[in-house]
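Notes follow once the structure below has been shown.
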Amino acid sequence: MHCSPSADLRPPPARTYKWLVACSLALMAFEPAVCAPVSAEPGFTVRSAEVRLESGVYFLDAKIVFEFSAEAVEAMDNGVTLTVLIDVEVFRQRTLWDKKILSRQSRINVGVHALSKKYVMKKLDTGEIHTYGSVEEMAAVLGNIERLPLFEAAGIDTEDKYAARVRARLDIEALPSPLRPLAYVSQAWRLTSDWYELPLVR
Amino acid sequence: MKKITTGIGPILALVALLLVSLKLMSDATENSTRFGELYSLLLLINALGLVTLGGLVGWNLIRLIAQFRARRAGASLTVRMVAMFVILSVTPVLVVYYFSLQFLHRGIDSWFDVRVERALDDALELSRTALESRMRELLKQSQLMATDISAVDAEKLPGALEDTRRLSGAAELSVIGPKGRIIASSNIDPTAIVPASPSDSIMVQLRQSGNYIGLDPIGDTGLHVRVVVTLPEEVPTQELRILQALFPITERMSTLADSVQSTYAKYRELAYLRNPLKISFTLTLSLVLLLSLLAAVWAAFFSARRMVAPLRDLVQGTRAVAEGDYETQLPRSGKNEVGFLVESFNQMTRRLRDARDETRLSQIQLEEQRAYLEAVLSQLSTGVITLDLERRFVTINHAAQQILGANLQSHLGDELESVAESHLHLQPFTDSIAIRLQDAASDENLSEWREQLILFGASGRQVLMCSGAPLPVVDGRDRGYVVVFDDITTLIEAQRSAAWSEVARRLAHEIRNPLTPIQLSAERLRHKYLPKMNKRDAQGLDRLTRTIVQQVEAMKEMVRTFSDYARTPRMVPEPLNINELISDVIELYRGDDAAQPVELQLSELPPVHADPDRLRQILHNLIKNAIEANEDVAAPSVTIETRCVRETSRSYIEVRVRDSGPGFRSDIVDKVFEPYVTTKAKGNGLGLAIVKRIVEEHGGVVWTENHDRRGASVVIQLPVAARGAEMDDTPAAKREAV
């Protein structure tokens, strides 16, 4: 059940969000920088994802690379708390269009503790707080998602086929208001990974 | 669409919505928790609203430019008013905008002070320094604890850790083996199961320097000092173990440190957000400016349109009136000066419309009266002609054309004299009227006149009774003249015929009847007394009675001749060639030895419509007259000349009988055609009178001419016969019918 982004069996969510893709393409037409290779720019990338069934519950394991832009790091260093979102969606595959049966979002605040000069990561779902000496160290921990519970296996029909997708992004709406207009128009703040899609087999 | 783009309601609602949205956005910019989450949405709403408002203004602008280029009424004035309004409203707003931006940026900059920033840095550094001394003590203490613990057996390690933790005041003590394996742990919180394991960076630093010490905010328990040291091992081959100790900061120090930390972080964040904050405020202010500008421009369009609308209506209404549309009524536009103007315009168009309607009604009535008058005039047997002051024909009725024998409708508007140029036979008519009109113009007493005229036209001789009078004066202006005439030829002939018949009857009754008894009495006297009388008396009686009888016979002959003259036998007209008739008559005179030579000069003639017997009588009378006139002449000659004269509107035949005698005496030349006017010893004086009468019965004219050297001529003109029914329409035929 471990699958790469290119190993997409079928793209049900993309079909649902065709209008979103069209809008994105239109926006990209006005900003050539978006079309540049992803690897040359900071950003978030879902390297791998896996859905495991343990004790009747589906868990998500994922490896996500968080490369914060210099502007984002500077904001953190200056006391601005950033919010990182991990979006997980599960679809039941149908003939015409797929039906979303689960949409889960994990919110994680990252910032700097000035007195201790530590990077602080706080998982808002669990309230866990962890400190790290560097952004890279925090990003490495942040990108290592293990045993994120999704839903109980009893809630799905064994006859149907299911698919899931994962992405990580920076929540611009969680930024301080003065930063938002800039964040919306600046590529440095547009930190959103592509959807990583994977089948869900019982 | 027009209601939306030009109506005030939707625009006011949009502006109000944008104002509210801008206020919320401004609050959100100031980090208001209430609207902070809606900041982006508000920004989007405002942008879309402004785009919409801008679109409306642009639409109005495009429309105005199109109207201006099309030179629509009021467009130029609207452009000027909009430009004036925009300049008046935009200029102060731009000034306020500029200074507001200046104050805003300076205001935000004034929030930050280098001294405050340095003080906060110092406070943070001071906190760190204060904590570092404590941290150094805790490091030494941890190293001592590590030494003590390293000697404890594995089974007794948890208990030893618990004791050590209590003695040291640490919140947590953990012994951790390779790969982060927890060997033993003691926590002040008995519910805590998993100790906070050191991160990779701590382990790296531990390997490099042998220990680690640092401040860590641990969960909700606040700031802690994390100390990580390696446990000294007695046996070198034994696996590496580390001791991690978490020491809580004293509550007082923790509170102070948190305060410093949060204040410092807040200040740094604020300082970091200084430029974005400026941009946000500038953005908000710019949106407000744009809203004000667009609203002002739109208001300028709206106001200008409202103000210009009645003027535009007035212009359009005036154009409509100029084009003859008097039905235009403009909508009322308030009780101001423009409204008064509009009301006056409406009043004017109403009056114009009423005046036009009245004029139309008058015209209709006039046309009706004119048609009525024309109908009456066309049915009149009397000719009616009206002339204006310049003697141009205004109206000519049908009877006038029929009497004058010319189509004069084409001469309406022409001058009187011009008619005679194309209709020569009307020359006496037009000359007579012209003279009368001149007299009327010079003498008011002669303005009304009456005259009898004789024309010789296509239908022959006509006697017209004309009367003229000036038309009634209207509004102090003369309008012209009216000429009324009747063809009284038939009437005169009838009167004359009746008169001569009466004379003949009276003559027969009063003279002829007594003549017979006189004659019989004279004859009885002769028979009775002549035998009884002596010779001398008998001769006297015979002479006297013979004289009586002869004179009575002469008187009887005179009465008979007069009766012949007065008698009007019925004419039997037929197409007749005059030349042939003349030749026949001349033959009678050529057989006589004593006859004078008669010369004929006959031209080709069209037939005339005449009674051959009556014309033969005319020719006899004229030839006889000419021969008698030549009695005392040495070389007598009689010439008969015929010719046909063709003019535009008439054709006639002229017969001229010329003698070589002494001519007519001047004292009787005007009366030669009257009965009993003669210069001859013999003759009853009725020859030329009969000629004149017969000629007139045939619609002709006759006159005499004395020649310069010798001789005189009697000239007869007879109309050429028309064809078919038209012949019967001649005045002569009509007179016969009468």
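Computed from a predicted model, the values in this text were never measured in an experiment.
- Using a 4.5 Å heavy-atom cutoff, the side chains of A:Ser177 and B:Ser280 are not in contact.
- Closest heavy-atom contact between B:Pro276 and A:Pro178: CB-O, 3.5 Å.
- Looking at A:Ala174, there are no atoms closer than 4.5 Å to chain B (heavy atoms on both sides), in backbone or side chain.
- Using a 4.5 Å cut-off between heavy atoms, A:Leu182 contacts chain B through its side chain alone, with no backbone atom that close.
- Taking CG from A:Leu115 and OG from B:Ser262, the interatomic distance works out to 10.5 Å, rounded to the nearest 0.5 Å.
- For a residue to count as touching a neighbouring chain, one of its non-hydrogen atoms must lie under 4.5 Å from one of that chain's; by this rule B:Ile279 touches chain A with the side chain only.
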**Request:** Would you sort out whether B:Leu215 and A:Lys117 count as a side-chain contact (heavy atoms from CB on, under 4.5 Å), showing the intermediate values?
**Result:** CA-CA 8 Å; B:Leu215 287 169; A:Lys117 297 183 179 175; over 6 Å; no
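- With a threshold of 4.5 angstrom between heavy atoms, A:Val141 does not approach chain B through any atom at all.
- When each of A:Val120, A:Val80, A:Thr81, A:Val112 is scored by its heavy-atom pairs under 4.5 Å with chain B, the top score falls to A:Val80.
- Counting heavy-atom pairs under 4.5 Å between each of A:Ser116, A:Gly133, A:Gly79, A:Ala114 and chain B puts A:Ala114 at the top.
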**Request:** Start with the C-alpha distance between A:Asp77 and B:Tyr272, add both sets of side-chain angles, then the distance that settles side-chain contact (heavy atoms from CB on, under 4.5 Å), and finish with yes or no.
**Result:** CA-CA 9 Å; A:Asp77 291 344; B:Tyr272 172 74; over 6 Å; no
**Asked** Could you go step by step and tell me if B:Glu269 and A:Asn78 meet the side-chain contact (heavy atoms from CB on, under 4.5 Å) rule?
**Response** CA-CA 5 Å; B:Glu269 182 185 7; A:Asn78 282 280; over 6 Å; no
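- Annotation for A:Gln105: atom CD counts as buried by contact number, over 12 foreign heavy atoms lying within 6.0 Å.
- The number of heavy-atom neighbours closer than 6.0 Å to CZ of B:Phe112, taken from other residues, nucleotides and ligands shown, is above 12.
- Exactly one of B:Leu273, B:Leu270, B:Leu277 qualifies for a side-chain contact (heavy atoms from CB on, under 4.5 Å) with A:Pro176. That residue is B:Leu273.
- Here the side chains of A:Lys118 and B:Asp216 are in contact, with some heavy-atom distance below 4.5 Å.
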